[in-house]
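Take a look at the structure set out below.
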Amino acid sequence: MKRRNFIKTSGAVVAGSMLLNPSGAMAANFAGKKTRVALVGTGVRGISFWGKTIVENFSDIVEYVGLCDINPGRLAFGKSFMGVDCPTFTNFDEMMKQTKPDMLIVTTVDSTHHEFIIKGLEYGAEVLTEKPFTTDEVKCQAILDAEKKYNKKVTVGFNYRFNPHYTKLRELLKEKRVGKLTSVDFHWYLNVYHGASYFRRWHGLREHSGTLLIHKASHHFDLLNWWIDSDPVEVSAYGMLEHYGKNNPFRGAKCRGCEHKDKCKFFWDITGNEHLMKLYVENEHHDGYIRDSCVWRNEIDIFDKMSVQIKYANDVQVNYSLTTYSPYEGMTIAFNGMNGRIDSWDGIPWRRKEKLEQAELHTKEMSQDKENKPADYEEIFVSDNFGETNLLKVPRERGGHGGGDKRLHDRVFRNPESPDPYGHFAGSRDGAMSILIGTAARKSIDEGRPIKIADLTDLVPYPSRGV
Ligand SMILES: NC(=O)c1ccc[n+]([C@@H]2O[C@H](COP(=O)([O-])OP(=O)(O)OC[C@H]3O[C@@H](n4cnc5c(N)ncnc54)[C@H](O)[C@@H]3O)[C@@H](O)[C@H]2O)c1
């Protein structure tokens with residue numbers, strides 16, 4: 001890996017950061033023609049979020065010209081599920097040479113993203129990759145170099161940013177509602193269903209996912225970078241595997257047919273899910289990938305509890321944690337400013353109960369109509385030093401991530417040039433900075449020392465991202 005000299009951050013380079021961050025339009029305006037799209041990785045994410053949803057909502061402007069996967073069975077099922085009639089390929093180069101797409105969408109296993117991003121750029125396509133951008137600093141540098149070399153843009157599908165709840169937090173921080181931001185407490189809880197699902201799949205091996213510090217937390221690190229509006233400079237972390245993997249007294253190979261199923265709380269019956277049966281189980285014979293592997297496999301080598309401290313170039317300090325066996329799914333966050341504090345949360349059952357009771361009470365008071373249901377909303381509490389605490393309600397919208405998923409799709413396919421005042425659209429620099437925190441955290445755990453972000457690639461951390 002080439003490691004360029006560290007250049008000290010200064011006001012002058014901040015201006016440069018705006019130029020380096022390709023957060024503008026994604027695909028070119030293809031002159032009134034449909035955008036010709038190819039996709040590699042026809043797993044559940046590829047064929048639904050970037051597949052069927054796009055075909056159903058954007059067929060007037062988007063045309064699928066090719067699909068690729070190493071698993072021919074999954075590829076054939078993906079094509080019929082998406083309802084497209086484009087050619088399919090098990091060889092990526094053949095797809096790119098034959099179809100010459102305007103845009104390549106990468107939805108393969110995390111550790112392979114860089115291969116397709118780099119080749120996609122080389123073949124002259126704009127590239128949209130699912131998170132994580134990639135899984136380590138060497139691959140990250142290679143992508144950044146390729147982007148410069150081929151002068152094409154990489155976009156990262158950070159859908160969380162587009163959630164109205166998270167956008168409101170960004171708005172409050174941008175307007176410095178509680179003064180200069182000084183520190184952030186951010187804790188994310190994956191429950192025993194969602195959390196466990198990572199340990200059943202390829203995600204349980206760091207060679208494929210880079211650990212959940214990359215695969216999962218890169219969403220959260222990206223939000224932090226975006227909210228704080230600065231780049232990370234140093235990371236210290238702890239992490240252990242003490243619940244899943246080798247920690248259980250019994251284990252099987254997979255849930256189907258497991259002799260321990262009656263006593264295993266984590267037994268999961270994939271045969272009850274027709275879609276997953278067709279996509280994965282019926283295609284196991286092609287590549288040996290088992291979708292319902294045992295969460296107690298000895299080979300699992302990722303952490304299941306993680307805590308990370310991040311220091312930013314603007315002196316903000318972050319305490320972050322990720323738990324993978326929580327009874328509920330949710331998060332808490334607090335932004336400490338010089339003049340107050342912003343608190344928010346998601347999914348915490350006792351808080352939700354209290355919120356819904358309050359909302360019901362309010363609806364009854366305000367309405368004569370007994371059928372009227374209480375409006376659902378997200379809560380943000382803004383507390384002023386020596387002052388009061390006020391509740392801001394962010395209306396909850398239907399659709400994935402509070403309507404955020406649709407906004408991301410609209411921005412990518414329909415309105416790539418639309419104004420972006422809060423910098424929602426994420427380019428390669430954003431993708432890189434999110435995974436560099438995870439990479440640094442993993443290194444910090446492995447090596448027992450703090451890791452400087454500037455030592456990982458040639459990216460220079462800036463005090464302000466300039467958005
Ligand atoms: N943004 C989000 O909220 C979100 C949600 C889910 C998944 N994702 C991301 O989407 C990607 C796919 O996730 P998934 O759950 O669909 O996984 P998956 O395992 O179901 O699908 C991955 C597909 O890639 C294929 N593949 C692997 N290596 C390949 C190669 N070398 N060449 C061609 N195909 C290859 C596999 O055969 C499989 O069909 C991951 O990177 C994941 O992080 C993002």
Side-chain angles (χ1 to χ4, degrees), residues 38-53 66-79 81-82 88-96 104-120 127-135 139 155-163 166 188 190 194 197-198 200-205 207-223 270 273 275-293 400-402 404-405 408-409 412 426 431 434-435 438:
L39 179 141
V40 58
T42 57
V44 68
R45 184 69 174 175
I47 65 170
S48 43
F49 189 81
W50 295 108
K52 198 175 171 68
T53 309
L67 295 176
C68 172
D69 200 288
I70 38 171
N71 186 312
R74 195 142 51 239
L75 186 56
F77 176 75
K79 176 175 169 172
F81 178 78
M82 285 169 61
T88 57
F89 302 84
T90 49
N91 181 306
F92 179 75
D93 291 281
E94 263 175 35
M95 175 173 82
M96 295 305 284
L104 170 71
I105 299 180
V106 179
T107 51
T108 53
V109 169
D110 299 352
S111 57
T112 65
H113 286 181
H114 68 294
E115 289 173 31
F116 303 109
I117 298 172
I118 293 170
K119 277 191 181 178
V127 178
L128 185 145
T129 181
E130 255 302 347
K131 54 69 20 190
F133 189 56
T134 182
T135 49
K139 295 172 181 175
T155 295
V156 187
F158 278 132
N159 47 335
Y160 281 28
R161 289 183 177 197
F162 289 79
N163 183 330
Y166 301 156
W188 200 280
L190 295 170
H194 185 195
S197 80
Y198 294 114
R200 298 183 199 290
R201 300 181 278 163
W202 50 261
H203 311 61
L205 299 183
E207 65 170 306
H208 298 314
S209 67
T211 78
L212 295 178
L213 288 165
I214 301 277
H215 175 82
K216 188 68 199 168
S218 63
H219 264 312
H220 311 146
F221 296 146
D222 174 65
L223 283 174
I270 193 172
N273 186 322
H275 185 61
L276 296 184
M277 288 296 285
K278 286 193 166 139
L279 190 55
Y280 298 105
V281 176
E282 290 179 15
N283 298 307
E284 271 172 8
H285 61 286
H286 292 293
D287 60 5
Y289 177 54
I290 307 292
R291 180 63 181 72
D292 60 340
S293 289
H401 298 100
D405 292 352
L408 170 64
H409 283 158
V412 170
S434 67
I435 68 100

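Counting convention: from 1, in listed order, for ligands and their atoms alike. Throughout, numbering of the chain's residues begins at 1 and tracks the sequence. Only this structure's heavy atoms are used, side chains among them; waters, hydrogens and symmetry mates stay out.
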Next item on the list: Say whether, by atom type as modelled, one donor and one acceptor occur between the side chain of H409 and the main chain of F49 under 3.5 angstrom.
Entry: yes
Next item on the list: Using atom types as modelled and distance alone, determine if a side-chain donor or acceptor of S111 lies under 3.5 Å from a backbone N or O of E207.
Entry: yes
Checklist line | Point-to-point distance, once rounded to the nearest 0.5 Å, from CG of L205 to OH of Y198 | finding: 15.5 Å
Check: Measuring from L67:CG to T90:OG1, what's the distance to the nearest 0.5 Å?
Finding: 12.5 Å
Margin query: Determine whether R74 and D287 satisfy the following criterion, side-chain contact (heavy atoms from CB on, under 4.5 Å), listing intermediate values before the conclusion.
Written below: CA-CA 10 Å; R74 195 142 51 239; D287 60 5; 3.1 Å; yes
Under 3.5 Å, N or O to N or O, is [X] touching ligand 1 that way?
X	result
E115	no
V44	yes
K131	yes
E130	yes
R45	yes
Y280	yes
Y289	no

Next item on the list: Starting from the C-alpha separation in whole Å, work towards a yes-or-no answer on ring-ring contact (aromatic ring centres under 6.0 Å, His included) for Y166 and H219.
Entry: CA-CA 12 Å; Y166 301 156; H219 264 312; 9.8 Å; no
Using a strict 4.0 Å cut-off to heavy atoms of [X], name the atoms of ligand 1 that fall inside it.
X	answer
R74	36 (C), 37 (O), 38 (C), 39 (O)
W202	17 (O), 18 (P), 19 (O)
H215	42 (C), 43 (O)
H113	41 (O)
G41	23 (C), 24 (O)

Next item on the list: Tell me which one of I105, I47, N71, D69 gets a heavy atom nearest to atom 38 (C) of ligand 1.
Entry: D69
Next item on the list: Would you mind finding which of L408, V106, T112, T108 brings a heavy atom closest to atom 11 (C) of ligand 1?
Entry: T108
Next item on the list: Examine ligand 1 and decide if any of its atoms is less than 4.0 Å from a heavy atom belonging to P132.
Entry: yes
Next item on the list: Work out whether the distance between some heavy atom of F116 and some atom of ligand 1 is less than 4.0 Å.
Entry: yes
How far is [atom] from its nearest protein heavy atom, and which residue and atom name does that atom have?
atom	answer
atom 40 (C) of ligand 1	D110 OD1, 3.2 Å
atom 3 (O) of ligand 1	H219 NE2, 3.3 Å
atom 27 (C) of ligand 1	V109 CG2, 3.7 Å
atom 12 (C) of ligand 1	T107 O, 3.3 Å
atom 21 (O) of ligand 1	G43 CA, 3.3 Å
atom 26 (N) of ligand 1	I70 CG1, 3.9 Å

Next item on the list: Specify side chain, backbone, both or neither for N159, according to which of its non-hydrogen atoms lie closer than 4.0 Å to ligand 1.
Entry: side chain
Note to self: Ring-plane angle category for W188 and H220, please: parallel below 30°, perpendicular beyond 60°, tilted otherwise.
What the structure shows: parallel
Check: Step by step, would you call H114 with F133 a ring-ring contact (aromatic ring centres under 6.0 Å, His included)?
Finding: CA-CA 8 Å; H114 68 294; F133 189 56; over 10 Å; no
Note to self: So which atom in H113 and which in K131 form the shortest heavy-atom distance, rounded to 0.1 Å?
What the structure shows: CE1-O, 3.7 Å
Next item on the list: For S197, enumerate each residue passing the side-chain contact (heavy atoms from CB on, under 4.5 Å) test, keeping only those at least two apart in sequence or located in another chain.
Entry: H194, R201
Notebook entry, point to check: In chain order, what residues pass the side-chain contact (heavy atoms from CB on, under 4.5 Å) check against S48, with sequence neighbours excluded?
Noted result: V44, F81
Next item on the list: Could you walk me through whether E130 and W50 pass side-chain hydrogen bond (donor to acceptor under 3.5 Å, both in side chains), step by step?
Entry: CA-CA 9 Å; E130 255 302 347; W50 295 108; 2.8 Å; yes
Next item on the list: Say whether T42 and D69, considering side chains only, have a donor N or O and an acceptor N or O under 3.5 Å apart.
Entry: yes
Next item on the list: Using the side-chain contact (heavy atoms from CB on, under 4.5 Å) rule, take M96 and L104 through it: C-alpha gap first, then chi angles, then the decisive distance, then the call.
Entry: CA-CA 9 Å; M96 295 305 284; L104 170 71; 4.1 Å; yes
